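All figures in this text were calculated on a predicted structure; none of them were measured in a lab. Just so it is clear: chains get the letters A, B, ... in the order the sequence lines come, proteins before strands, and each one is counted from 1.
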Number of protein chains: 2
Amino acid sequence: MNTKDRVLMASLKFFLIQGYENTTLSMIADEVNIKKPSIYYHFKSKEDLLFNSIYFIINNLEEKINHSVTKFVSPKDQLQSFFECALDFNTNLSIMIGNDFNHPINFITIFQLYSNRFNALSEKIDTYYKNISTILEEIIDTGQKNGLIKGSIDKNIAVLDIISRVEGLIAISTLYKSVDMKNKRNQLYENLWLSLSSEKPQSKTKKFFEYKNIGLGRKW
Amino acid sequence: MNTKDRVLMASLKFFLIQGYENTTLSMIADEVNIKKPSIYYHFKSKEDLLFNSIYFIINNLEEKINHSVTKFVSPKDQLQSFFECALDFNTNLSIMIGNDFNHPINFITIFQLYSNRFNALSEKIDTYYKNISTILEEIIDTGQKNGLIKGSIDKNIAVLDIISRVEGLIAISTLYKSVDMKNKRNQLYENLWLSLSSEKPQSKTKKFFEYKNIGLGRKW
DNA sequence: GTCTATACGGAGATAGAC
DNA sequence: GTCTATCTCCGTATAGAC
């Protein structure tokens, strides 16, 4: 990695862990083993570092999510892949910047706080949401055509529902500390899929009757 | 309102709108029409103002949510009341501090950023989540006993699911700007209720058959 | 490209009068 | 309780040598 990239990565690390204002250029310089004024050769100001840090996060996130979906063909797998990719992104980012997990990060916070400072960023974030909305709509669409997802589902609402669940889980995983989210993820995804799936829920105790039920319904 | 409260409210306003570090004691003093050193008569430091601001928010939130649930008896109404109260809290807070809505706020951000600085606060937030979890569990429990909510629902998971949806909606309402959340709230709540409700979904076109279906199922 | 030296401003906080 | 005056520190940023 060249100096410029190392400076950017160090900035990203500090901004995410301790916030923009609590990070000084001296800290960044020390981390990269250069002197403070050298930073100005690569970036024109501290705010320029902030801009590029946030830009880096969104690009990375967008890329990973796009990639996660193309790995599968069935709507259920695609949706699960999206769900896990989005939830893992925060953890992966933490590992990438070399965070020691004593200070849990939440990349959405930095969006909330600073994206409004730069029009380019708040537009980019809006575009990101539009993109993942399109991806999710297509997944639902395919699922509906294949009969795997209820035809009655309103795509727009379902998309918002999915995105909000994912964002919400990221948020509470750093705030609601006495709950271990890792163990509940699969069940939360299953809940999500159940709300879309056109299959009748087959609770174990009632399987027999439920099945009959459907059979008779079709007959009539 | 006495000077102390006015200082606290002004701090809260600035902290929420522009963040803690971007707020100076001079700004707060100007807003209250006093001089900077007078603040130190009421609060021992800037950080003390932060602590009290966050404490105020959690207390207020907890109180409003507790109250919202007691206004209703049926699980469906209680849940809807909870849902709306949580979503409205951010807006109401914005109005309370006299925000002009040019700078959308998100009270969860301030939790994410600063609660870890004070053990008392991160414990209080955890307690808050435990409390609303208990409230939601009781609602689901009543619903299951009355037969309104599916008996097969895992309460723990359902509670996390509800909380994450609410938090997620608050988050994306400030980031995903090209979507108007207000118009979709009812549908999002209906989705939530449908995922819990023990009633068969009655899509309008299939109502007749669905009804027969249930009838026959019972007979058998 | 990276450095040393330094300018400049503004932040939080205190002393002590009224 | 609130003020004026002031302290001290440390931040970003620049000038200019190597």
Which atom of Val166(B) lies closest to which atom of Ala86(B), heavy atoms considered: CG1-CB, 3.4 Å
Could you tell me how far apart Lys4(A) (NZ) and dT2(C) (C1') are, to the nearest whole angstrom? 16 Å
Stretch residues 110-120 of chain B: residues that reach within less than 4.0 Å of DNA chain D through a heavy atom: none
Tell me which residues in residues 13-26 of chain B lie within less than 4.0 Å of DNA chain D, going by non-hydrogen atoms. none
Can you check whether Asn102(B)'s main-chain N or O pairs, donor with acceptor, with Asp100(B)'s side chain at less than 3.5 Å? yes
Expected output: side-chain Asn66(B) to main-chain Glu62(B) donor-acceptor under 3.5 Å: yes
Cation-pi geometry met for Lys124(B) and Tyr55(B) (6.0 Å, 45°): yes
Backbone of Phe72(A) reached by a side-chain donor or acceptor of Gln78(A) within 3.5 Å: yes
Indicate whether any N or O donor in one side chain lies under 3.5 Å from an N or O acceptor in the other, for Ser133(B) and Tyr176(A). yes
Residues of residues 31-51 of chain A with a heavy atom under 4.0 Å from any atom of DNA chain D, listed by number, are Lys36(A), Pro37(A), Tyr40(A), Ser45(A), Lys46(A)
Got a sec: does the CZ of Phe107(A) have more than 12 other heavy atoms crowding it under 6.0 Å? yes
Given Met181(B), which of Leu169(B), Leu87(B), Thr174(B) fulfils the side chain to side chain contact (heavy atoms under 4.5 Å, CB included) condition? Leu169(B)
N or O in side chain of Thr3(A) less than 4.0 angstrom from dT2(C) OP1/OP2: yes
Working note: Phe51(A) + Lys46(A), criterion side-chain contact (heavy atoms from CB on, under 4.5 Å); need CA distance, chi angles, decisive distance, verdict. CA-CA 9 Å; Phe51(A) 180 89; Lys46(A) 189 187 178 189; over 6 Å; no
Below 4.0 angstrom, N of the basic side chain to O of the carboxylate: do Arg185(A) and Asp88(A) qualify? yes
